[in-house]
Amino acid sequence: MHTKRVSFENRSGHTLSALLDLPVEGEPIAFALFAHCFTCSKDYKGVARVSRALASQQVAVLRFDFTGLGDSEGDFSDTTFSSNVADLVAAAEFMERE
């Protein structure tokens, strides 16, 4: 697996930290957006293991920290289910652009 550090802005203007896990060889056959558990981060071992397994099957994976978690900007206490959904949408839009 080859991992690239990337970031993107959410609709609130916060920079969200992400990792893009790519297959070691060849082009990805698909792309996945990994939405980890509510208070986890993109760096948890289980998250990395799932991403590694997908990358070994030629699936690129974007895993990111929601607002206020891990390396992302913002205050976690200000987040809601709706703001988390908005972060997912921002991540999907980033994947579509890039």
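The analysis underlying the following values was restricted to heavy atoms, covering all of them including side chains, and did not include hydrogens, waters or symmetry mates. If you're wondering where the values come from, they're calculated on a predicted model, not measured in any experiment.
Leu20 and Leu33 fall within the same hydrophobic cluster, where Ile, Leu, Val, Met, Phe, Trp and Tyr residues are linked whenever their side-chain heavy atoms come under 4.5 Å apart, directly or through other members. The cluster map of Ile, Leu, Val, Met, Phe, Trp and Tyr, joined by side-chain heavy atoms under 4.5 Å apart, puts Leu54 and Tyr44 in the same cluster. A continuous path of ILVMFWY side-chain contacts below 4.5 Å connects Val61 to Val50, so both sit in one hydrophobic cluster.
When side chains are defined from C-beta on, Val6 counts as touching Leu62, because their heavy atoms get closer than 4.5 Å.
Ala32 and Met95 make their closest contact through O-CE, 3.7 Å (heavy atoms, listed as atom of the first residue, atom of the second, distance). The two residues Ile29 and Gln57 make their nearest non-hydrogen contact at CD1-O, 3.7 Å. Contact record, Pro23 with Gln58: CB-OE1, 3.4 Å, taken as the closest heavy-atom pair. Nearest approach of Ser51 to Phe34, heavy atoms of both residues: OG-CD1, 4.2 Å.
A parallel orientation is assigned to the rings of Phe8 and Phe94, their planes being inclined by less than 30° (bins at 30° and 60°).
Counting only residues at least two apart or on different chains, the salt bridge (charged side-chain N to carboxylate O under 4.0 Å, His left out) pairs with a member in residues 41-52 are Lys42-Asp65, Lys42-Asp71.
Looking only at distances, a side-chain donor or acceptor of Asp87 sits under 3.5 Å from a matching main-chain atom of Thr67. At distances below 3.5 Å, at least one donor-acceptor pair connects side-chain atoms of His36 with backbone N or O atoms of Phe64.
Every side-chain contact (heavy atoms from CB on, under 4.5 Å) that Thr15 has, sequence neighbours left out, goes to Ser7, Glu9, Glu73. Ser72 meets the side-chain hydrogen bond (donor to acceptor under 3.5 Å, both in side chains) test with no other residue; sequence neighbours excluded.
His14 NE2 to Ser83 OG: the interatomic distance, rounded to the nearest 0.5 Å, is 10.0 Å. Between Ser12 atom OG and Asp75 atom CG the span is 12.0 Å, to the nearest 0.5 Å. Rounded to the nearest 0.5 angstrom, Leu22 CG and His2 NE2 are separated by 6.0 Å.
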Show your reasoning for whether side chain to side chain contact (heavy atoms under 4.5 Å, CB included) applies to Arg63 and Val47.
CA-CA 8 Å; Arg63 50 188 165 119; Val47 174; 3.6 Å; yes
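The only member of Leu16, Asn10, Leu88 that meets side chain to side chain contact (heavy atoms under 4.5 Å, CB included) when paired with Phe66 is Leu88.
Between Lys4 and Glu98 there is no salt bridge, since no side-chain N of the basic residue sits under 4.0 Å from a carboxylate O of the acidic one.
At most 12 heavy atoms of other shown residues, nucleotides or ligands fall within 6.0 angstrom of atom CZ in Arg5.
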